[in-house]
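Have a look at the structure below, then the notes.
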2 protein chains.
Amino acid sequence: MPKPNAAKKNTSVKRSGRLPRRGVADAAQVASGKAARSRKTQARILDAAEELFSHHGIYGVSIRDIADAAGVDTALLHYHFANKDGIYEAVLLRRAGEINSARTRALDEYALACGGKPSIEGVVRAYLHPVFERLLHGGRGFKNFAALIALANNTELWGGGTVKEYFDPAVQRLIDLLRLVLPKAREEDLYWGYQFLSGALTLSYSRNDRIQGLSRGRCRANDYAAIEPRLVEWCVAGLRALGTRH
Amino acid sequence: MPKPNAAKKNTSVKRSGRLPRRGVADAAQVASGKAARSRKTQARILDAAEELFSHHGIYGVSIRDIADAAGVDTALLHYHFANKDGIYEAVLLRRAGEINSARTRALDEYALACGGKPSIEGVVRAYLHPVFERLLHGGRGFKNFAALIALANNTELWGGGTVKEYFDPAVQRLIDLLRLVLPKAREEDLYWGYQFLSGALTLSYSRNDRIQGLSRGRCRANDYAAIEPRLVEWCVAGLRALGTRH
DNA sequence: GTCTATATGGAGATAGAC
DNA sequence: GTCTATCTCCATATAGAC
C-alpha cells in the first residue's frame, strides 16, 4: 500500500508557489528566458500527468511514465514538484480554481439577471454550463482534468482537503440559490439533490463509456451536447420533487 | 504504468473455476477437509482484497498488502489466483452475478405483480431495492464491493468485459420495463436516464463523504435509509421529464 | 495447500556535473 | 534548469521444501 504520504519529510512542497500563474509572474521571471522555458516545461509535465492520471489513477502511473510522456527526465519532476503527490496536487490546483470561480460567477450573474425571480432551471443551468462549455470547447486538457475529477470523486482521496476549498464555495452558492427557489424544501433534501446531481455529472465526464454498448451505439458517453440539456431537465425535475417532499 | 495485462502469459487463469461456488462443489471437494480449508482461505483473501481495493484502487494495493491483511503468505495468493488481475477479477465475480440476478428477479416479479400496469416508481424501486437491501443488511463485505464498483464505474477499466456480462442484463430489463411505462419516450432518452440514475447511485455507495462536510453534518454519505427513498423520487421525476421530451 | 527463500525488475528519490 | 548516474526499497513472481 502506498504510504499515506511519503512527503511528510518534504520541506520543499511550497515550490508549488512557483507554478505558472498567468498574470502574477514577477518582472524577473518574465525577463528571463530560462524562467519562461521552465514554465513551459512545467506545463508539459502537468499536461502529461493530467492525461495519465485520468486514465490510470494516481497509483497506476509512475513518475517515469510522466517524464517519458512529457519528454523530460524524472529528476526534473522532482525538481519542480518535489514528489508524486506534488505533481498530483499541482495538476488539480491548476484548473480547480478557474472552473469553480467560473461557476460562482455564473450563479452570481444569474441571480442578478433574473430580477429577483430565479427558477430551478436557471440556477441549475448556471451551475452546469461552465463545465459543459469547457468540455465542448476547452480542448483535451480540460477533458482529462474532468475525467480525473470523476475518478477522485468516487474515492476518499479527493485531493486531501486542498481541492475542497476550491470546489465547495460554488456548491454552497448553488445551494443558497436553490433555497431561494424552493423555500419549503428541507435543508437536507437540498444537499441530497446536489449529491445526486453531482453523481450524474461526474459520470458524464468520466471515462466510462458503458452507455455506448448498452444503447447499441445510440448514445456516446462523451456526447456533451446531448447530455447538457437532458441533465438540466433531469436535475430540475428531481430537485422539484425533492423540494416538495411532505 | 502497469503493463496492460501482465497475465498475457498466464495459462492458469481458469483456476478461478475453483472459486467458492455454493452448491456446485463436487463430492471430492466437500469430503476433503483440505478443500474446505482452502475455500475458507480463498474467502479470507478475497475479503481482504475487496476491502483494500475499494479504498485504494487496484494499483494502490500490493499483493503483500492483501496477504498481510488476510494473514497468509503472498505465495498463496499466486497459488489460488495466479496474479493480481486474477484476484481482482475473482473479487468482482464473487458478487456480480448474485446482485444482478437479484435485480433481474425483482424486476420480473414486479412486472408480474403490477398486473400489466407498471409505474415508473415501481420499476425504479424494483431495480434499486436489491442494492440498498444489501447495503443496509449485507454486512461489511458488500459495502466494500459496492465502493469498489463505484470506483470502477468511473474508469475505463470496468472489469475488462467479464463484469459487463453480469451487469448488463439487469439494465436491459430495466430499460425494457421503462419503455413500457413511457411508450412515447425516445429510445436514447431512456438510456440517458439510466446513465444519470447510475451516476447518482454509484456515488451513493462510493467512499466519497463530501456531503457530510458540505451539509455541516446534516447528511452522511452512507445513510442508505435516507438515500433510497430520495433517490427513487429523484429518478422517477427525472425519467418522467426525460420521457416526455418534445 | 501452505510456507521459505530468492530472483528480477521497477519504483521513488537524490547528489552532483553541466 | 536540466541531465547522468546511482541508491535503496518494494513490487511481482516462482522454485522447491514441507
Among [options], the one nearest [X] by side-chain distance:
X       : options               : result
A/Ser62 : D/dA11, C/dT2, C/dA11 : C/dA11
B/Thr41 : C/dT2, C/dA13, D/dT4  : C/dT2
B/Leu76 : C/dG1, C/dG12, D/dT4  : C/dG1
B/Ala75 : D/dA13, C/dC3, D/dT2  : C/dC3
B/His78 : C/dG1, D/dT14, C/dA13 : D/dT14
A/Ser38 : D/dT12, D/dG1, C/dT4  : D/dG1
B/Asn83 : C/dA13, C/dT4, D/dA13 : D/dA13
A/Lys84 : D/dA13, C/dG12, C/dT2 : C/dG12

Just to verify, which of B/His55, B/Arg207, B/Glu50, B/Arg95 counts as forming a side-chain hydrogen bond (donor to acceptor under 3.5 Å, both in side chains) with B/Asn144?
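Result: among B/His55, B/Arg207, B/Glu50, B/Arg95, B/Arg207 is the only option passing the side-chain hydrogen bond (donor to acceptor under 3.5 Å, both in side chains) with B/Asn144.
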A/Arg140, A/Lys143, A/His56 screened by side-chain hydrogen bond (donor to acceptor under 3.5 Å, both in side chains) with A/Glu51, the one that passes
A/Arg140
How close or far is atom [atom2] of [N] from atom [atom1] of [X], stated in whole angstroms?
X       : N      : atom1 : atom2 : result
B/His80 : D/dA13 : NE2   : P     : 16 Å
A/Ile66 : C/dG12 : CD1   : C1'   : 12 Å
B/Asp68 : C/dT2  : CG    : P     : 16 Å
A/Tyr79 : D/dT4  : OH    : P     : 17 Å
A/Lys34 : D/dG1  : NZ    : P     : 7 Å
B/Phe81 : D/dT12 : CZ    : C1'   : 16 Å
A/Asp73 : D/dT6  : CG    : C1'   : 12 Å
B/Asp85 : D/dA11 : CG    : P     : 17 Å

Distance criterion of 3.5 Å, no angle test: do you see the side chain of A/Arg64 paired donor-to-acceptor with the base of C/dG12?
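When only heavy-atom distances are counted, A/Arg64 does reach the base of C/dG12 through a donor-acceptor pair under 3.5 Å.
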A/Gln42 vs A/Phe81 side-chain heavy atoms within contact, under 4.5 Å
yes
Can you check whether B/Arg37 has a side-chain N or O nearer than 4.0 Å to OP1 or OP2 of C/dT2?
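So the side-chain polar atoms of B/Arg37 do come within 4.0 Å of the phosphate oxygens OP1 or OP2 of C/dT2, strictly under.
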Going by the side-chain hydrogen bond (donor to acceptor under 3.5 Å, both in side chains) test, which pairs reach into residues 162-171 of chain A, not counting sequence neighbours?
A/Asp168-B/Arg210
How would you list, by chain and number, every residue that makes a salt bridge (Lys or Arg N to Asp or Glu O under 4.0 Å) with B/Asp68, sequence neighbours excluded?
none
